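Take a look at the structure below.
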Amino acid sequence: MNLLITGGAGFIGSHVVRLFVEAYPNYHVFNLDALTYAGNLQNLSDVEGKPNYTFLKGDITEAAFLEQIFRAHKFEAVIHLAAESHVDRSIAGPMAFVQTNVLGTVNLLEACRRAWAGDYAGKLFYHVSTDEVYGSLGEEGLFTEETPYDPRSPYSASKAASDHFVRAWHHTYGLPVKLSNCSNNYGPNHFPEKLIPLAIHNIKNGKPVPVYGKGENVRDWLYVLDHARAIDSIFHRGRVGETYNVGGVNEWRNLDLVELLCDVIDEKLGREPGSSRKLITFVKDRAGHDARYAIDSSKLMNELGWKPSVTFEEGLRKTVDWYLASEQWLEEVTSGHYRDYYRKQYEER
Ligand code: NAD
Ligand code: TYD
């Protein structure tokens, strides 16, 4: 099978590419990525030389380019992860989110529809999305696949729009699609603009750890490899036309999470216990900050037998170890544009 994975140089995409290249030597995995600030081929340096892997540099907003690669490589399935993914960036500049997440997704749907020309046997378009499309929860309840969409940030609105387009192409044109909506991921190769890698990076370097508002917002964290495993299960065994929610059953208040990270890093670096907590700095809240996300994954668990394979304790320790050992990776991704972004986001707040 010729399988197109978009956004494979990013955080989750790189883990999905590795899993598919290694587990399915009879598939040829094509990784299409524009290499934006979030895309980094270093994430896949161990996969680069594999005979069943090809990298294609390109932008999903360019329809003619997509048509050309579909013609050249005869893809039979697509796993679509390419996106602008950071809420704070979407607040500062929403148009890139509309371009990539909405227009880019529609371009891909059209490329599939044209290339497959109604012969959908053995074909699949799998769209990877987020739980943020469901909006914000109060203290009780979980997002299920039936929760009405209520996106509140430019990022989640653009992802919600893309989900709607994917379902529309299924209902209108019969395109075989599957969708999954996942909670917050963490793990190696996570770009240090997101909470967990940013906090690890700053704690390690003795820099202030910015916590928005009072740190009371709640997120449901899932280890990235468990998300990749869920994508594998849904891709192969999920039902066409269906959506599966993916979550960690692992809710954390931001402040508690950051305190835990401080303590784990103090222990690993032999610092005085509790000393890094002094770095926690409350900063201006995010505009429209969603209070709580939490996922009900029972459909995925019951139908496909998926469940998270690592506990949060294990996953977080593995993640901290990876960041402490990956000085060069961090050095590279935090130079240049990252520094400009960081100054604008935090120092000019
Ligand atoms: P990421 O920002 O780390 O990576 C996105 C990748 O897409 C990058 O490699 C980037 O270069 C590429 N890309 C961006 N615009 C592109 C374009 N126009 N054309 C081609 N490539 C482009 O994102 P991530 O955290 O790995 O998220 C991957 C997907 O999973 C996204 O669709 C996101 O909405 C979804 N998701 C993420 C999370 C999370 O916690 N990170 C949770 C649920 C769902
Ligand atoms: P983030 O990792 O950006 O993911 P998302 O907004 O998609 O959930 O943020 C996770 C939570 O952490 C969210 O409630 C915002 C908060 N946050 C901070 O308190 N400080 C920070 O520096 C960042 C980046 C996020």
Side-chain angles (χ1 to χ4, degrees), residues 5-17 31-41 43-44 56-62 65-66 79-91 96-97 99-101 103-105 107-108 127-133 136 153 155-156 158-159 162-163 180-187 189-199 202 208-222 224 227-228 231 245-248 252-255 257-258 280-286 289-293 295 333 342 345-346 349:
I5 299 183
T6 71
F11 166 47
I12 302 170
S14 60
H15 291 278
V16 174
V17 165
N31 168 17
L32 165 61
D33 199 296
L35 300 182
T36 69
Y37 79 93
N40 183 351
L41 285 177
N43 294 345
L44 287 168
L56 301 170
K57 184 171 185 312
D59 193 321
I60 58 168
T61 65
E62 290 170 18
F65 167 75
L66 291 182
I79 304 179
H80 175 37
L81 294 112
E84 289 290 338
S85 67
H86 188 38
V87 174
D88 293 319
R89 286 186 192 255
S90 82
I91 294 168
F97 288 70
Q99 286 292 328
T100 287
N101 300 0
L103 179 67
T105 301
N107 278 343
L108 271 172
H127 182 60
V128 176
S129 193
T130 166
D131 62 352
E132 303 191 24
V133 298
S136 180
S153 72
Y155 165 64
S156 55
S158 68
K159 291 297 291 187
S162 68
D163 294 8
S180 57
N181 294 76
C182 189
S183 63
N184 289 60
N185 285 212
Y186 71 98
N189 308 98
H190 203 182
F191 195 81
E193 63 184 354
K194 307 274 171 68
L195 179 65
I196 290 185
L198 180 88
N202 286 13
V209 183
V211 171
Y212 296 167
K214 293 184 181 154
E216 285 172 349
N217 304 65
V218 173
R219 298 292 184 265
D220 174 0
W221 294 96
L222 178 69
V224 62
H227 187 192
I231 290 172
N245 280 356
V246 190
W252 282 82
R253 230 169 45 118
N254 291 339
L255 182 57
L257 172 57
V258 169
I280 295 174
T281 308
F282 293 97
V283 299
K284 192 172 150 215
D285 209 352
R286 172 186 281 171
H289 197 170
D290 287 340
R292 177 174 163 255
Y293 305 144
I295 278 272
V333 301
Y342 196 87
Q345 180 66 20
Y346 294 101
R349 258 171 121 91

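Computed from a predicted model, the values in this text were never measured in an experiment. Note that ligands are numbered from 1 as they come in the structure, with each ligand's atoms numbered from 1 the same way.
Ligand 1 is approached by Leu81 to a heavy-atom distance shorter than 4.0 Å. Ligand 1 is approached by Ser183 to a heavy-atom distance shorter than 4.0 Å. Residue contact check for ligand 1: Ala96 places no non-hydrogen atom closer than 4.0 Å to it. For the pair Gln345 and ligand 2, no heavy-atom separation below 4.0 Å is found.
Between Gly10 and ligand 1, a contact under 3.5 Å exists for at least one N or O pair. At a 3.5 angstrom cut-off on N or O pairs, Ala82 does not count as close to ligand 1. Among the atoms of Asp59, some N or O lies under 3.5 angstrom from an N or O of ligand 1. At a 3.5 angstrom cut-off on N or O pairs, Glu84 does not count as close to ligand 1. The shortest N or O to N or O distance between Thr36 and ligand 1 is below 3.5 Å. At least one N or O atom of Arg286 sits closer than 3.5 Å to an N or O atom of ligand 2. Taking any N or O of Asn40, backbone or side chain, none lies under 3.5 Å from an N or O belonging to ligand 1. For ligand 1, none of its N or O atoms has an N or O atom of His190 under 3.5 Å away.
In the candidate list Ile12, Thr6, Ile196, Ile12 is nearest to atom 24 (P) of ligand 1, counting heavy atoms. Considering each of Tyr212, Tyr186, Phe191, the one bringing a non-hydrogen atom nearest atom 17 (N) of ligand 2 is Tyr212.
Judged purely by atom type and a 3.5 angstrom limit, Asn107 uses its side chain to pair as donor or acceptor with the backbone of Ile60. The backbone N or O of Asp290 lies less than 3.5 Å from a partner atom in the side chain of Asn217, making a donor-acceptor pair. At distances below 3.5 Å, not a single donor-acceptor pair connects side-chain atoms of Asp220 with backbone N or O atoms of Gly247. Under the 3.5 Å distance criterion, the side-chain polar atoms of Asn202 are left unmatched by any main-chain donor or acceptor of Val209. Within the 3.5 Å criterion, the main-chain N or O of Ala291 finds a donor-acceptor partner in the side chain of Ser136. Judged by distance alone, with hydrogens and angles left aside, the side-chain atoms of Lys159 form a donor-acceptor pair with the main-chain N or O of Val128 at under 3.5 Å. Formation of a donor-acceptor pair under 3.5 Å by the Asn101 side chain with backbone atoms of Glu84 is found in this model. One N or O on the side chain of Asp33 and one on the backbone of Ala9 form a donor-acceptor pair closer than 3.5 Å. Put simply, the side chain of Ser129 never gets that close to the backbone of Ser180: no donor and acceptor are under 3.5 Å apart.
When each atom of ligand 2 is checked for a heavy atom of Glu193 under 4.0 Å away, the hits are 24 (C). Residue contact check: Gly58 has heavy atoms under 4.0 Å from atoms 19 (N), 20 (C) of ligand 1. Contact atoms of ligand 1 toward Asn184: 40 (O) (distance under 4.0 Å to a heavy atom of the residue). Contact atoms of ligand 1 toward Cys182: 42 (C), 43 (C) (distance under 4.0 Å to a heavy atom of the residue). Atom numbering of ligand 2 starts at 1 in the shown order; those under 4.0 Å from a heavy atom of Asn217 are 14 (O). Of all atoms in ligand 2, listed by their number and element, those nearer than 4.0 Å to a heavy atom of Val87 are 6 (O), 7 (O). Under a 4.0 Å criterion applied to the non-hydrogen atoms of Glu132, ligand 2 contributes the atoms 5 (P), 7 (O), 8 (O). Annotation for ligand 2: atoms under 4.0 Å from non-hydrogen atoms of Leu198 are 22 (O). Which parts of ligand 1 touch Val128 is read off a 4.0 Å heavy-atom cut-off, strictly below it: atoms 30 (O), 32 (O). Every atom of ligand 1 with a heavy atom of Ser129 under 4.0 Å away is listed here by number and element: 43 (C), 44 (C). Residue contact check: Val211 has heavy atoms under 4.0 Å from atoms 19 (O) of ligand 2. For ligand 1, the atoms closer than 4.0 angstrom to any heavy atom of Gly39 are 8 (C), 9 (O), 11 (O). Close contacts of ligand 2 with His289, meaning ligand atoms under 4.0 Å from a residue heavy atom, involve 13 (C), 14 (O), 15 (C). Taking every heavy atom of Leu35 and a limit of under 4.0 angstrom, the matching atoms of ligand 1 come to 11 (O). Counting atoms of ligand 2 from 1 in the listed order, those under 4.0 Å from a heavy atom of His86 are 3 (O).
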Evaluation steps, side-chain hydrogen bond (donor to acceptor under 3.5 Å, both in side chains), between Thr105 and His127
CA-CA 9 Å; Thr105 301; His127 182 60; 4.8 Å; no

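Here the CD1 atom belonging to Ile295 is positioned 4.5 Å from the CG atom belonging to Asp131, to the nearest 0.5 angstrom.
The aromatic rings of His15 and Phe11 stand perpendicular to each other, their planes meeting at an angle above 60°, with 30° marking the opposite boundary.
Taking a cutoff of 4.0 Å between a charged side-chain nitrogen and a carboxylate oxygen, Glu193 and Arg89 qualify as a salt bridge.
Residue contacts with ligand 1 for Tyr155 involve side-chain atoms from C-beta outward but no N, CA, C or O (heavy atoms, distance under 4.0 Å). Of all the heavy atoms of Tyr293, the ones lying under 4.0 Å from any atom of ligand 2 belong exclusively to the side chain. Residue contacts with ligand 1 for Lys159 involve side-chain atoms from C-beta outward but no N, CA, C or O (heavy atoms, distance under 4.0 Å). Neither the backbone nor the side chain of Val283 has a heavy atom within less than 4.0 Å of ligand 2. No part of Asn101 comes within 4.0 Å of ligand 1, judged by heavy-atom distances.
With hydrogens left out, the protein atom closest to atom 22 (O) of ligand 2 is Tyr346 OH, 2.6 Å, a heavy atom. The nearest protein atom to atom 4 (O) of ligand 2, hydrogens excluded, is given as Asn184 ND2, 3.3 Å; this is a heavy-atom distance.
The two atoms that bring Asn31 and Gly7 nearest to each other are OD1-C, 4.3 Å, heavy atoms only.
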